[in-house]
Amino acid sequence: MKSRLGYVPEDAIYPFKGVNYLIPPIQLQSNYSPDVRNMIFEDHVGAKAPLFNTELAVGMNGGGTNCLALIPFEDVAGTSSFVGISDSKEWKNVSGTWTNITGGTARTGDVDNPIHYAIGMDGSDSVRYLYIVNGKDTLKRWDGSGNFADAVTGITNFTTCKTVATYRDRLVLGNVKISSTFEPLNIYWTTAGDFTDFTSGTSGIATLADAQGEILAMAPLGDQLVIYTTSSIILMTDISGDVTMSFQTIVKDFELLSSRSIVTLQGVHLIASTQGFYQFDGTRLLRRVGEVIEPDYREKLSTTRLEQTRSHAFHDERRTKVYWFIRGADNLGIGYVLDYNGEESGLNRWSKVGDVSTVNSAGVSDLDTPVFGKSGPIKTMKQTSDITNETGTITTYWDSKDFVIPERLLSENARWVEVELQMKGTQVSVDYSTDAGDSFAALKVDETLTSTWTLYKYYLDTVSRTIRIRLKEDAKSKTFDFRFLRVWLRPGGAR
């Protein structure tokens with residue numbers, strides 16, 4: 001029996017709600033963390049995040065130094081392809097090798113000319129096409145065989161556009177360049193059922209006169225097409241008849257982070273702005289979904305607009321996660337991950353990943369394998385479920401809240417004497433901090449774990465007002481999972 005021994009908090013920690021930078025560490029609910037890096041939280045377990053550590057395919061070279069887009073595509077016959085877009089070439093993954101499928105006018109863009117793409121069935125020839133454009137080079141398309149080709153629009157003096165979408169049975173172009181001049185708030189759409197006809201039938205042009213900034217992106221939402229400008233959200237609706245399309249500005253005075261910071265999730269859009277993360281459902285209200293990480297996000301986000309526009313989002317639908325790869329100060333990469341799979345957490349279970357400075361794109365190969373596109377030199381790295389025996393380090397840690405001596409003992413310090421952890425994996429180190437995370441001391445270095453859940457006990461003897469526990473493991477070849485933490489104390493004498 002442990003005489004006069006107690007533990008805090010009164011119920012043990014089950015770490016499944018991710019990171020929370022909004023609430024002081026001494027006031028956090030016990031299942032949140034005040035700081036975390038390269039961890040995921042699912043099924044009531046905290047785990048070292050799987051690494052993108054195995055190359056998907058080799059051979060994407062000779063087309064620049066950046067992988068700008070990774071796109072899953074299925075043609076009209078049901079044949080699936082995984083398409084990669086580098087600075088100046090187009091590629092298809094074939095049996096572990098990138099095959100060059102570049103065609104049409106040569107592209108000259110780079111990481112500052114983001115690739116936008118759209119996929120849809122052209123009713124005029126019953127062929128499913130992938131369209132790509134970057135706002136600098138000509139619009140191209142691919143049908144799943146042969147090489148890419150320049151897309152025909154019929155628009156007089158058409159040069160390029162900054163974004164493309166399919167809506168209903170039409171192709172839509174936004175922020176179009178005619179000759180040498182952009183029309184930053186103009187939308188062009190084809191006649192119904194023909195992706196090449198922008199000049200006859202029910203095709204049309206509209207100027208978004210009350211929008212702010214320039215058109216950056218377009219994405220379908222239900223039976224409408226959402227148009228995102230620098231600081232506005234506009235709904236485009238097919239109303240048929242002589243007018244064909246109607247436009248309504250829904251939101252103003254917010255700043256979209258980048259043209260690729262939007263994902264579609266279960267009938268809503270999730271958006272990264274320069275202020276935080278929001279949910280848009282087609283109404284006039286933007287719902288904040290990233291409050292818990294906003295303090296860290298605003299502190300880390302680069303204030304340089306060019307670096308902000310390099311940020312991008314990725315939806316791993318199979319694993320119910322959304323990634324935002326953000327450019328911070330000096331263009332360093334920061335990744336925020338939203339895990340929306342959990343009734344208790346809703347859209348508030350966040351974690352953070354690092355070491356993503358060279359990630360310019362992401363996609364899902366073979367319906368199930370997340371892939372990162374990295375630059376300098378180009379590599380396409382797939383996520384694996386296991387940590388491989390790669391050498392080197394990757395910063396990984398999870399911090400507990402700052403445990404405070406119970407209220408009944410507020411006139412005394414706490415003498416912290418024991419830490420209990422339930423863990424499995426290969427290896428982990430345990431540190432503790434008595435100054436709210438400003439510095440840490442080692443409690444256990446390189447604890448060898450097993451493949452089954454085991455309760456580990458660590459003994460210490462330190463007197464302080466608070467204590468924080470950190471689990472860490474930086475070796476790429478090691479991993480750990482944990483699901484239970486409890487800290488024991490004795491009264492430590494008058495303060």
Side-chain angles (χ1 to χ4, degrees), residues 68-73 85 114-121 128-135 139 141 161-176 184-190 195 206 208 211-238 245-252 254-274 277-287 289 309 311-317 321-325 338 340 347 361-364:
L68 301 178
L70 293 167
I71 308 166
F73 175 71
I85 310 295
I115 295 291
H116 284 245
Y117 69 90
I119 298 172
M121 177 78 75
R128 186 175 173 85
Y129 288 101
L130 164 63
Y131 284 83
I132 62 169
V133 74
N134 64 359
L139 179 71
R141 74 177 188 178
C161 59
K162 290 192 176 181
T163 185
V164 60
T166 54
Y167 173 52
R168 299 289 181 95
D169 53 355
R170 307 171 189 269
L171 189 67
V172 184
L173 309 179
N175 205 339
V176 173
L185 290 174
N186 276 8
I187 291 287
Y188 287 67
W189 63 91
T190 64
F195 286 178
L208 309 179
Q212 299 170 323
E214 63 173 327
I215 296 170
L216 297 180
M218 301 182 293
L221 183 62
D223 61 353
Q224 297 172 307
L225 183 67
V226 184
I227 303 168
Y228 291 91
T229 71
T230 312
S231 303
S232 309
I233 301 177
I234 300 95
L235 293 182
M236 173 176 169
T237 307
D238 187 346
M245 301 291 174
S246 70
F247 299 86
Q248 183 180 16
T249 301
I250 299 296
V251 177
K252 285 186 175 182
F254 92 109
E255 188 172 19
L256 188 68
L257 179 62
S258 77
S259 63
R260 298 192 296 151
S261 63
I262 307 156
V263 298
T264 301
L265 168 65
Q266 298 175 349
V268 301
H269 287 169
L270 297 182
I271 311 162
S273 77
T274 56
F277 299 88
Y278 295 88
Q279 172 186 308
F280 177 65
D281 63 1
T283 66
R284 292 184 178 274
L285 296 177
L286 288 175
R287 176 191 167 197
V289 296
T309 60
S311 303
H312 57 99
F314 164 53
H315 182 196
D316 185 356
E317 188 172 1
K321 288 178 173 56
V322 180
Y323 296 76
W324 279 273
F325 302 106
L338 170 62
Y340 57 87
L347 292 177
S361 57
V364 177

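Note that the numbering runs from 1 along the sequence shown for the chain.
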For the atom pair [atom1] ([X]) and [atom2] ([Y]), what is the distance rounded to the nearest 0.5 Å?
| X | Y | atom1 | atom2 | result |
| --- | --- | --- | --- | --- |
| Ser273 | Glu255 | OG | CD | 8.0 Å |
| Ile132 | Ile119 | CD1 | CD1 | 11.5 Å |
| Leu257 | Thr274 | CG | OG1 | 7.0 Å |
| Ile115 | Ile85 | CD1 | CD1 | 6.0 Å |
| Cys161 | Ile187 | SG | CD1 | 9.5 Å |
| Leu171 | Arg141 | CG | CZ | 9.0 Å |

Decide yes or no for [X] and [Y]: does some side-chain heavy atom of the first lie under 4.5 Å from some side-chain heavy atom of the second?
| X | Y | answer |
| --- | --- | --- |
| Val164 | Val172 | no |
| Arg260 | Phe325 | no |
| Leu70 | Ser361 | yes |
| Thr163 | Leu216 | no |
| Phe247 | Leu235 | no |
| Met236 | Tyr167 | yes |
| Phe73 | Arg128 | yes |
| Val364 | Phe314 | yes |

Is the backbone N or O of [Y] less than 3.5 Å from a side-chain atom of [X], with the two atoms forming a donor-acceptor pair by type?
| X | Y | result |
| --- | --- | --- |
| Arg170 | Trp189 | no |
| His269 | Pro220 | yes |
| Asn134 | Pro114 | no |
| His315 | Thr264 | yes |
| Ser232 | Ala211 | no |

To check you understand the geometry: which heavy-atom pair defines the closest contact between [X] and [Y], and what is its length?
| X | Y | answer |
| --- | --- | --- |
| Gly213 | Thr230 | CA-OG1, 3.7 Å |
| Ser258 | Ser311 | OG-O, 2.7 Å |
| Asp281 | Leu285 | OD1-O, 4.3 Å |
| Leu256 | Thr229 | CB-O, 4.0 Å |
| Ile250 | Arg284 | CG2-CA, 3.4 Å |
| Ala165 | Ala118 | CA-CB, 3.6 Å |

Sequence-distant partners of Asp316, salt bridge (charged side-chain N to carboxylate O under 4.0 Å, His left out), two or more places apart: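 Partners of Asp316 by the salt bridge (charged side-chain N to carboxylate O under 4.0 Å, His left out) criterion, ordered by chain and then number, come out as Arg319.
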
Whether Phe195 and Tyr131 hold their rings parallel, tilted or perpendicular, with breakpoints at 30° and 60°: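 Plane angle over 60°, so perpendicular.
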
Residues Val226, Phe280; criterion side chain to side chain contact (heavy atoms under 4.5 Å, CB included); working and verdict: CA-CA 10 Å; Val226 184; Phe280 177 65; 3.9 Å; yes

Full working for side chain to side chain contact (heavy atoms under 4.5 Å, CB included) between Leu286 and Ile233: CA-CA 10 Å; Leu286 288 175; Ile233 301 177; 4.0 Å; yes

Donor-acceptor side-chain pairing of Ser259 and His116 below 3.5 angstrom: yes

Distance-only side-chain donor-acceptor flag, Gln224 / Thr237, under 3.5 Å: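 Distance-only check passes for Gln224 and Thr237.
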
Selection residues 212-231 - residue pairs positive for salt bridge (Lys or Arg N to Asp or Glu O under 4.0 Å), sequence neighbours left out: Lys162-Glu214

Trace of the side chain to side chain contact (heavy atoms under 4.5 Å, CB included) decision for Tyr278 with Arg287: CA-CA 5 Å; Tyr278 295 88; Arg287 176 191 167 197; over 6 Å; no

More than 12 heavy atoms of other groups within 6.0 Å of Glu317 CD: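 Atom CD in Glu317 is not crowded, with 12 or fewer foreign heavy atoms closer than 6.0 Å.
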
Ile227 vs Ile215, side chain to side chain contact (heavy atoms under 4.5 Å, CB included): CA-CA, chis, key distance, verdict: CA-CA 7 Å; Ile227 303 168; Ile215 296 170; 4.0 Å; yes

Partner residues of Phe277 under the ring pair (Phe, Tyr, Trp, His ring centres under 6.0 Å) criterion, sequence neighbours left out: Tyr297, Trp324, Trp350

